[in-house]
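For reference, the structure discussed in these notes is given below.
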Amino acid sequence: IRLQDKVEGDTTEKATLRAVKWSLGLKGRIIPRNPSSDSVTEVLELVQRNPFSSALKRMSVIVSTPHMKQKDYVPQYALCKGAPEVLETMYAEGAVPPSYR
């Protein structure tokens, strides 16, 4: 989250944003730090953040992609990270590749 012009939160999440060269902007907007002419419109908007829970061993976010809007529909994506053995139980049957573990 952004507090008084400073990004605060999980160290791993902040490092991930730095590594992919994106940053957290105002009102939960996630934007490229050095946008090219092709990526100026590539903005993710944070819809919901579910912080890491040690009981659930996972965290998740839902983001929307307004730059991909089609008529009245804005695509949204759920992204999750957590303990592999916990996430594996949530995957559809047959969806786990042999190399998962």
Side-chain angles (χ1 to χ4, degrees):
I1 63 170
R2 182 172 282 283
L3 294 173
Q4 298 178 348
D5 260 358
K6 185 176 178 190
V7 175
E8 299 288 342
D10 182 82
T11 306
T12 303
E13 293 171 23
K14 292 190 316 185
T16 300
L17 281 174
R18 281 193 304 275
V20 297
K21 297 183 171 86
W22 284 56
S23 63
L24 183 61
L26 300 175
K27 298 182 182 178
R29 297 183 76 171
I30 305 163
I31 55 175
R33 276 197 270 155
N34 298 312
S36 67
S37 59
D38 293 338
S39 68
V40 170
T41 58
E42 293 177 4
V43 173
L44 302 176
E45 292 185 359
L46 187 59
V47 176
Q48 176 71 42
R49 182 177 187 275
N50 302 304
F52 181 79
S53 162
S54 56
L56 298 175
K57 298 183 181 177
R58 68 176 186 266
M59 65 83 59
S60 62
V61 296
I62 299 172
V63 296
S64 68
T65 53
H67 63 282
M68 297 173 70
K69 183 176 181 178
Q70 297 175 4
K71 296 185 182 178
D72 294 331
Y73 172 71
V74 176
Q76 292 187 339
Y77 297 90
L79 307 166
C80 183
K81 72 174 185 174
E85 65 277 9
V86 172
L87 296 179
E88 184 177 16
T89 64
M90 299 176 191
Y91 299 142
E93 188 174 329
V96 179
S99 61
Y100 186 76
R101 287 185 166 219

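The chain is numbered in sequence order, starting from 1. A quick note: this is a predicted structure, and the numbers were derived from the prediction, not measured.
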Going only through I, L, V, M, F, W and Y residues with side-chain contacts under 4.5 Å, is there a path from [X] to [Y]?
X   : Y    : value
M90 : Y100 : yes
V61 : V47  : no
V86 : Y91  : yes

Fill in: Beyond-backbone contact of M59 with P51, side-chain heavy atoms, under 4.5 angstrom
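When only atoms from C-beta onward are counted, P51 and M59 do not touch, as no gap falls below 4.5 Å.
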
**Message:** So L44 and T65, do their side chains get closer than 4.5 Å, heavy atoms only?
**Reply:**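 Yes, close enough: below the 4.5 Å cut-off.
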
Q.
Which heavy atom of L87 sits nearest to which heavy atom of C80, and what is that distance?
A.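 Closest approach of L87 to C80: CD2-SG, 3.6 Å.
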
Item checked: Distance-minimising heavy-atom pair for V63 and I30 ->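 Taking V63 first and I30 second, the nearest heavy atoms are CG1-CD1, 4.5 Å.
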
Going from CZ on R18 to OG on S23, what distance comes out if it is rounded to the nearest 0.5 angstrom?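 The CZ atom of R18 sits 11.5 Å away from the OG atom of S23.
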
Taking everything shown except K81 itself, do over 12 heavy atoms lie less than 6.0 Å from its NZ?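 Check passes, neighbour count above 12.
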
